[in-house]
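This is a predicted model, so every value here is computed, not measured. Atoms within a ligand are numbered from 1 in the order they appear, just like the ligands themselves.
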Amino acid sequence: MHLERLLQQQGFGARKMCRGLVRQGRFALAGVAIDDPFFEITPEEGLVFTVDGVDWPYAEKAVILLNKPAGYECSQSPRHHPGIDALLPSPLVTRGLQSIGRLDEDTTGLLLLTDNGNLIHALSSPKRKVEKRYRVTARHPLDAAQLAALRAGVTLRDAPQPAKAAAVEQVDAHTLLLGLTEGRYHQVKRMLAAVGNRVEALRRVAIGGLRLPDDLPEGQWRWLAASDLELVWRKTA
Ligand code: URA
């Protein structure tokens with residue numbers, strides 16, 4: 001494949017723009033600058049190239065993990081706050097990465113983004129029962145009756161089926177780890193409200209067996225290797 005085409009596919013802009021980028025000497029392979037846009041390159045997993053001094057792994061489909069900060073909307077047309085695209089480098093935005101599910105503007109933590117439609121579909125399917133785990137800070141002290149109700153299922157307004165937590169683990173008086181296998185609108189906040197409490201802070205800490213890395217600061221992202229993605233299908237540890 002011609003180098004300019006590979007760069008276009010990886011989100012570096014229109015063909016003409018990629019041609020210019022290469023001619024300007026901004027592209028390198030294994031530390032060696034290449035300024036011929038028609039250089040033949042084999043697109044394969046494991047290929048790492050450099051643009052403007054930044055390394056990019058070749059990815060036929062990109063999957064990344066973002067530690068979402070508060071104050072960003074998971075929407076392509078954000079209304080009141082910046083969208084999460086503002087946290088990503090432009091090639092990933094150009095590729096049209098979308099979040100797999102959504103977190104509220106004030107929710108933080110683990111968010112996966114991809115341009116792989118099949119993956120979005122599979123991970124969003126309630127049939128797969130992938131557990132999303134949240135660390136919930138509650139305004140009022142949590143009591144045994146509230147925890148029992150969350151486990152048994154609570155009734156949400158406008159929803160005939162009760163919402164039931166797949167896992168409930170109390171951390172301290174005001175903190176709870178809550179696992180859900182479905183993703184209804186504002187589900188955690190509505191479930192806490194249904195038991196007479198209120199969410200003060202919400203962070204997603206795991207999807208299946210994939211945990212939010214401790215060393216990834218809020219607002220930062222990293223590539224997700226295929227082996228990490230596999231963890232998603234495992235039960236939360
Ligand atoms: N439940 C909520 O209420 N908000 C989120 O962002 C995610 C789950």
Side-chain angles (χ1 to χ4, degrees), residues 64-88 97-114 119-140 142 146-147 149-171 174-213 216-221 232 235-236:
I64 64 162
L65 181 161
L66 171 72
N67 185 356
K68 181 190 171 295
Y72 289 83
E73 288 181 26
C74 288
S75 161
Q76 309 231 289
S77 349
R79 298 200 319 178
H80 304 295
H81 300 272
I84 46 173
D85 276 2
L87 300 165
L88 306 179
L97 260 66
Q98 287 178 36
S99 67
I100 305 180
R102 290 180 177 200
L103 293 177
D104 296 337
E105 170 273 314
D106 55 353
T107 302
T108 62
L110 177 52
L111 191 64
L112 298 179
L113 294 103
T114 185
L119 182 61
I120 295 177
H121 184 72
L123 264 176
S124 309
S125 163
K127 283 196 206 127
R128 299 275 189 137
K129 296 215 178 303
V130 173
E131 187 190 298
K132 287 100 189 163
R133 191 161 287 209
Y134 297 88
R135 188 180 174 94
V136 184
T137 308
R139 174 175 293 182
H140 310 293
L142 294 149
Q146 291 176 13
L147 303 190
L150 291 169
R151 286 192 186 101
V154 296
T155 305
L156 303 180
R157 205 149 37 92
D158 307 333
Q161 293 292 334
K164 204 166 161 175
V168 178
E169 203 182 304
Q170 187 164 6
V171 178
H174 287 266
T175 316
L176 185 67
L177 287 172
L178 191 75
L180 298 181
T181 54
E182 23 168 42
R184 300 193 218 169
Y185 184 64
H186 293 328
Q187 184 163 346
V188 176
K189 291 174 186 164
R190 291 162 72 209
M191 286 176 75
L192 266 283
V195 300
N197 210 318
R198 192 187 155 100
V199 170
E200 286 288 296
L202 187 58
R203 176 153 49 109
R204 184 153 69 190
V205 294
I207 300 179
L210 176 70
R211 292 191 182 195
L212 178 67
L216 185 68
E218 277 186 12
Q220 302 289 304
W221 65 275
V232 159
K235 234 184 132 28
T236 303

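Checked by distance only, ligand 1 and Arg102 stay at 3.5 Å or farther apart across all their nitrogen or oxygen atoms.
Counting all heavy atoms, side chain and backbone alike, Arg139 lies closest to Asn197 at N-OD1, 3.5 Å.
Taking a cut-off of under 4.0 Å to the non-hydrogen atoms of Tyr134, the atoms of ligand 1 that pass are 7 (C), 8 (C). Those atoms of ligand 1 with a heavy atom of Thr107 less than 4.0 angstrom away are 4 (N), 5 (C), 6 (O).
Residue-level proximity to ligand 1 for Val188 is carried by backbone and side chain together, each with a heavy atom below 4.0 angstrom. At a 4.0 Å heavy-atom cut-off, ligand 1 touches Leu202 through the side chain alone.
Ion pairing between Arg133 and Glu169 holds under the 4.0 Å rule for side-chain N and carboxylate O.
Asp104 OD2, 2.7 Å is the protein heavy atom nearest to atom 4 (N) of ligand 1.
Heavy atoms of other residues, nucleotides or ligands lying less than 6.0 angstrom from NZ of Lys164 number 12 at most.
Counting heavy atoms from C-beta outward, His81 and Pro78 have side chains that stay 4.5 Å or more apart.
Only one option out of Thr108, Leu110, Leu177 pairs with Val205 in a side chain to side chain contact (heavy atoms under 4.5 Å, CB included); it is Leu177.
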